[in-house]
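Data block below; observations after.
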Amino acid sequence: MSKLLIYLRHLSIAIALLPALAYASSDSTGHSKALSTPDPVEFMAGNKRFGLQYLYDTHFPNSEKFGFFSLTSFASNYHNDLNQLDFRSNAQVDYEIFDGIGSI
């Protein structure tokens, strides 16, 4: 398979993931979050690899003290080499004890 076809295949997979990211940025009823900052999604492409990164930071509903933070990263080369595929997802729940002082 040519490099262009492999690139287009990986790009189509990354684009297919975008609806899932949009759903993750909506509330439990499926409506977009109102009056909040957008959830950043970064797509990076280079001559040997491409990547996707998603950042999510929010407070739990009806709670100003409990929060949730998640950073998800995906990277791969254009040759379908599973040894070069990287996927990381870090998540944490935090609790604010006092203003500016919290626990993870």
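Fair warning: this is a prediction, and the values are worked out from it, not measured in the lab.
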Checklist outcome for this item: dist Glu42:CD -> Ser73:OG (nearest 0.5 Å) comes out at 9.0 Å

Next on the checklist: Return the CZ to CE distance between Phe74 and Met44, rounded to the nearest 0.5 Å.
Outcome noted: 11.0 Å

Next on the checklist: Which residues pass the salt bridge (charged side-chain N to carboxylate O under 4.0 Å, His left out) test with Asp94, not counting sequence neighbours?
Outcome noted: none

Next on the checklist: Apply side-chain contact (heavy atoms from CB on, under 4.5 Å) to residues Phe60 and Val93 and explain how you reach the verdict.
Outcome noted: CA-CA 10 Å; Phe60 286 110; Val93 175; 3.8 Å; yes

Checklist outcome for this item: When rounded to the nearest 0.5 Å, the distance separating CG of Leu82 from CG of Asn77 is 9.5 Å

Next on the checklist: Within this structure, what is the CD1-OG distance for the pair Ile97 and Ser103, rounded to the nearest 0.5 Å?
Outcome noted: 5.5 Å

Item to check | Results of side-chain hydrogen bond (donor to acceptor under 3.5 Å, both in side chains) for Ser89 - residues two or more places apart only | outcome: Thr72

Checklist entry - Stepwise, does the side-chain contact (heavy atoms from CB on, under 4.5 Å) test hold for Arg88 with Leu71? => result CA-CA 8 Å; Arg88 290 179 220 127; Leu71 178 65; over 6 Å; no

Checklist entry - Measuring from Phe50:CZ to Phe43:CZ, what's the distance to the nearest 0.5 Å? => result 6.0 Å

Item to check | Joint hydrophobic cluster, Phe69 plus Tyr95, side-chain heavy atoms closer than 4.5 Å | outcome: no

Next on the checklist: If hydrophobic clusters are built from ILVMFWY residues whose side chains come within less than 4.5 Å, do Val41 and Phe87 share one?
Outcome noted: yes

Item to check | Taking every non-hydrogen atom, the tightest pair across Glu96 and Glu64 | outcome: OE1-O, 4.2 Å

Checklist entry - Rounded to the nearest 0.5 Å, how far apart are OG of Ser63 and CZ of Phe68? => result 14.0 Å

